[in-house]
Amino acid sequence: KEISDKSGPYDMKQEKDYRIFETNARTAGAVEARLIPAEGIIIENRGPFKCRSGCPYYGTSLVCPPHAPRADEFRAVLQDYSLALVVRFQTSATVSDEIACSMLRMMTDPNLPSGTKEEIQSFFAEFGDDCRKFHHAMLQLEREAFLAGYPLAVALMPGPCVLCETCNGIGGTCAHPTMKRFPADALGVNLIKTASLAGMKIGFPFHDSPSSIGILLID
């Protein structure tokens, strides 16, 4: 099957040449990496809308809504890309199913038992360390694509930015402008549906430890 865009079709040989990016992703620490047509990325307006409904990163992170491009803007940008590399990372951080189902609520509960609070804090500390590794891995994949002759390749990050302990937020300037990338879900990407198209299964709430999905746009 050919994958086509406005400039013409990619033949099977060219598609095969792209497979090196899947190998690079696994070398960078991904547990799965699959190429799909860029048009297979599922974008929905309800994603950023959901961000406004209780997400602690809304309005406080320079890469999240309302600072991130809107879903309709990203739809227009996506038309300029032909392929997407969907990358799944697996964190080593674990937490009980009970906490995973209501973690955000528990974090704001003033009557939270100390043992539960410590479990949540331990999870986020380990998960944050892994997310920083995932972030750097996606930047590495983007650079490898750039050096391979795809200068407009760009990474969408697996989760909110964790480069700084506290983001400069509204009115601030990013402390790491060359490393700043948008999370896929902040742009309206339905990660569950998109990962499923790539043959990957992720679910919410997660069991034991969560997967993180990054996307590399290539053209």
Side-chain angles (χ1 to χ4, degrees), residues 17-38 40-42 47 57 61-64 68-69 74 77-78 81-95 122-165 167 174-204 206 208-219:
D17 291 342
Y18 282 111
R19 299 297 170 185
I20 185 62
F21 296 120
E22 294 179 338
T23 301
N24 290 347
R26 288 188 287 269
T27 300
V31 293
E32 289 184 286
R34 305 275 173 76
L35 283 163
I36 65 171
I41 295 177
I42 308 300
Y57 294 101
S61 171
L62 291 171
V63 297
C64 289
F74 183 56
V77 170
L78 195 61
Y81 287 91
S82 300
L83 290 176
L85 180 70
V86 181
V87 184
R88 184 172 75 86
F89 298 95
Q90 188 72 37
T91 180
S92 57
T94 60
V95 73
S122 176
F123 168 81
F124 275 114
E126 188 171 359
F127 183 56
D129 288 341
D130 281 346
C131 285
R132 277 182 281 276
K133 295 176 185 176
F134 303 158
H135 189 110
H136 286 288
M138 291 303 300
L139 289 177
Q140 176 183 329
L141 293 175
E142 180 185 295
R143 176 169 173 75
E144 288 169 348
F146 176 87
L147 295 176
Y150 303 97
L152 295 180
V154 65
L156 307 181
M157 288 304 164
C161 185
V162 290
L163 293 176
C164 298
E165 185 172 343
C167 183
C174 181
H176 302 283
T178 63
M179 301 168 67
K180 173 185 173 184
R181 301 293 186 276
F182 296 107
D185 51 351
L187 302 173
V189 177
N190 185 315
L191 292 174
I192 295 177
K193 291 181 179 179
T194 301
S196 178
L197 181 64
M200 302 175 189
K201 184 176 181 179
I202 61 172
F204 296 96
F206 62 86
D208 288 334
S209 60
S211 293
S212 295
I213 301 293
I215 298 174
L216 179 67
L217 301 178
I218 310 169
D219 195 291

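- Separation of atoms CE (Met200) and CD (Glu32) is listed at 5.0 Å; rounding is to 0.5 Å.
- Using a distance-only test at 3.5 Å, with no hydrogens or angles considered, no donor-acceptor pair links the side chain of His176 to the main chain of Cys164.
- When all heavy atoms of Thr194 and Ile42 are compared, the pair lying nearest together is OG1-N, 3.1 Å.
- Contact detail for Met138 and Leu216: the closest heavy-atom pair is CE-N, 4.0 Å.
- In terms of modelled atom types and a separation under 3.5 Å, the side chain of Tyr81 and the main chain of Leu152 share a donor-acceptor contact.
- Side-chain contact check for Leu35 versus Arg19: some heavy-atom pair is nearer than 4.5 Å.
- A 4.5 Å side-chain heavy-atom check between Tyr57 and Cys167 finds every atom pair outside the cut-off.
- Remark: Ile215 CD1 to Ile41 CD1 distance equals 4.5 Å, nearest 0.5 Å.
- Atom CZ in Phe21 sits 5.0 Å away from atom CD1 in Ile218 (nearest 0.5 Å).
- Heavy atoms only, all atoms of each residue included: Phe146 and Pro151 are closest at CD1-CA, 3.5 Å.
- Taking 4.5 Å as the limit, some side-chain heavy atom of Ser92 sits within range of a side-chain heavy atom of Asp130.
- Heavy atoms from other residues, nucleotides or ligands lying under 6.0 Å from CZ of Arg143 number 12 at most.
- Proximity of a side-chain donor or acceptor of Thr94 to a complementary backbone N or O of Ser209 within less than 3.5 Å is not detected.
- A donor-acceptor contact shorter than 3.5 Å links the side chain of Glu142 to the backbone of Ala155.
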Val87 and Phe134: CA distance, side-chain angles, deciding distance, side chain to side chain contact (heavy atoms under 4.5 Å, CB included) verdict: CA-CA 10 Å; Val87 184; Phe134 303 158; over 6 Å; no

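- Applying the salt bridge (charged side-chain N to carboxylate O under 4.0 Å, His left out) criterion to Arg132, with sequence neighbours excluded, gives Asp129.
- Of all non-hydrogen atoms in Val63 and Cys161, the two that sit nearest each other are CG2-CB, 3.7 Å.
- The nearest pair of heavy atoms linking Pro183 to Pro160 is CG-CA, 4.0 Å.
- Atom CE of Met179 sits about 4.0 Å away from atom NE2 of His136, to the nearest 0.5 Å.
- A donor atom on one side chain and an acceptor atom on the other are not found under 3.5 Å apart for Glu126 and Thr91.
- For the pair Thr27 (side chain) and Thr23 (backbone), a donor-acceptor distance under 3.5 Å is present.
- Side chains of Val154 and Phe182 form no contact here, defined as non-hydrogen atoms less than 4.5 Å apart.
- Leu217 CG to Leu156 CG: the interatomic distance, rounded to the nearest 0.5 Å, is 4.5 Å.
- Distance alone, capped at 3.5 Å, places no donor-acceptor pair between the Asn24 side chain and the Leu141 backbone.
- The shortest non-hydrogen separation linking Ser211 to Arg88 is OG-NH1, 2.9 Å.
- For the atom pair CG of Leu163 and CG of Leu139, the computed distance is 7.5 Å after rounding to the nearest 0.5 Å.
- In this structure, the side chains of Asp185 and Ile213 stay at 4.5 Å or more apart for every pair of heavy atoms.
- One N or O on the side chain of Arg34 and one on the backbone of Ala198 form a donor-acceptor pair closer than 3.5 Å.
- Applying the salt bridge (charged side-chain N to carboxylate O under 4.0 Å, His left out) test to residues at least two apart or on different chains, none of the pairs has a partner in residues 150-164.
- Classified by interplanar angle (parallel below 30°, tilted 30° to 60°, perpendicular above 60°), the ring pair Tyr18/Tyr150 is tilted.
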